[in-house]
Amino acid sequence: MGNRRVLNRGQVQYMSAGRGVTHSEYNYGTNTARFLQIWIFPDKKGYDPRYGDYAFAWADRDNQWLHLVSSDTGNAPVKIHQDANLYALSLAPGKDIQFDIQPQRQAYLVLIEGAAIINGHLLTMRDGLETLEEPLHIEAQEQSHLLLIELAK
């Protein structure tokens, strides 16, 4: 498709490979690049390829869930061909927040940076957890950046 982009902290880049795609990433800078690459299979095969990126205001995730990605019929700015939602959160030390996992839903949470107690368990940078139909209660021990992927069970 000929796309080239420079992404900054907190941005989301998305693509639907459709019937096939060639993709590569490069760090042309001098600083270490850190990113999460997450692949979610579409609900069916044969979609046209698509590509884009979205710059979210960092303040929109401060101490609140920021809805990054949803299904094509959902209400997040980035749409994918699957019944899935992705949320980001930057939680200040001493703050707490809940995320309710609905019946027949599951979630995978990644603590990108920081340290937090989640449902009574201490997680630190790069730790993850999976939950099935169980609400998540998060208490930041230090400034924490989290990513939550919520989808059908």
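Just the heavy atoms: all of them, side chains too, but no hydrogens, waters or symmetry mates, feed the values below. These figures come from a predicted structure and were not determined experimentally.
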Distance-only, no hydrogens or angles: does the Gln82 side chain make a donor-acceptor pair with backbone N or O of Phe41 under 3.5 Å? yes
Is Arg105 salt-bridged to Asp83, cutoff N-O under 4.0 Å? yes
Search all heavy atoms of Gly128 against all heavy atoms of Tyr108 and return the closest pair with its distance. CA-OH, 3.8 Å
Where is the tightest heavy-atom contact between Ala115 and Ser144, given as atom of each residue plus distance? O-OG, 2.9 Å
State the CD1-CG distance between Ile97 and Leu136, to the nearest 0.5 angstrom. 11.0 Å
Mind checking whether Val78 and Phe56 have side chains closer than 4.5 Å, heavy atoms only? yes
Rounded to the nearest 0.5 Å, how far does CH2 of Trp65 lie from CD1 of Ile138? 4.0 Å
Can you tell me how far apart CE (Met15) and CD1 (Ile80) are? Round to the nearest 0.5 Å. 13.0 Å
Applying salt bridge (Lys or Arg N to Asp or Glu O under 4.0 Å), can you list everything that pairs with Arg126, at least two apart in sequence or on another chain? none
Does Tyr54 share a hydrophobic cluster with Ile112, counting links as ILVMFWY side-chain heavy atoms below 4.5 Å and allowing steps through other members? yes
So, for Pro93 and Gln141, which heavy atoms are closest and what is the spacing to 0.1 Å? CB-O, 4.1 Å
Taking side-chain hydrogen bond (donor to acceptor under 3.5 Å, both in side chains) as the criterion, tell me which of Glu134, His137, Glu139 meets it with Asn119. Glu134
If hydrophobic clusters are built by linking Ile, Leu, Val, Met, Phe, Trp and Tyr wherever their side-chain heavy atoms come under 4.5 Å apart, do Val69 and Ile101 end up in the same one? no
Is Leu129 linked to Phe99 within one hydrophobic cluster, defined over Ile, Leu, Val, Met, Phe, Trp and Tyr using a side-chain heavy-atom separation of less than 4.5 Å? yes
Is Lys79 reaching over with its side chain to a backbone N or O of Gly74, donor-acceptor style, under 3.5 angstrom? yes
Do any N or O atoms from the side chain of Asn63 and from the backbone of Ala92 form a donor-acceptor pair under 3.5 angstrom? yes
Asn75 and Ser70 have their tightest heavy-atom pair at N-OG, 3.4 Å
About how many Å separate NZ of Lys153 and OG1 of Thr131, when rounded to the nearest 0.5 Å? 10.0 Å
My understanding is that only residues two or more places apart in sequence, or in another chain, count here; which of them pass salt bridge (Lys or Arg N to Asp or Glu O under 4.0 Å) with Glu142? none
Looking at residues at least two apart in the chain, or sitting in another chain, which of them share a salt bridge (Lys or Arg N to Asp or Glu O under 4.0 Å) with Asp72? Arg50
Same cluster or not: Tyr87 versus Leu151, using hydrophobic residues (I, L, V, M, F, W, Y) connected whenever any side-chain heavy atoms lie under 4.5 Å apart? no
Any chain of hydrophobic side-chain contacts (each under 4.5 Å) joining Ile149 to Leu36? yes
To the nearest 0.5 Å, atom CD1 of Ile118 lies from atom CG of Leu123 at 4.5 Å
Would you compute the distance between atom CG of Leu132 and atom CD of Gln104 and round it to the nearest 0.5 angstrom? 10.0 Å
Within the side chain of Gln106, is there an N or O that forms a donor-acceptor pair under 3.5 Å with the backbone of Ala152? yes
Leu147 and side chain to side chain contact (heavy atoms under 4.5 Å, CB included): which single residue from Leu68, Leu89, Leu111, Leu109 fits? Leu68
Kindly say whether Gly10 contributes a backbone atom to a donor-acceptor pair with the side chain of Arg61 at under 3.5 angstrom? yes
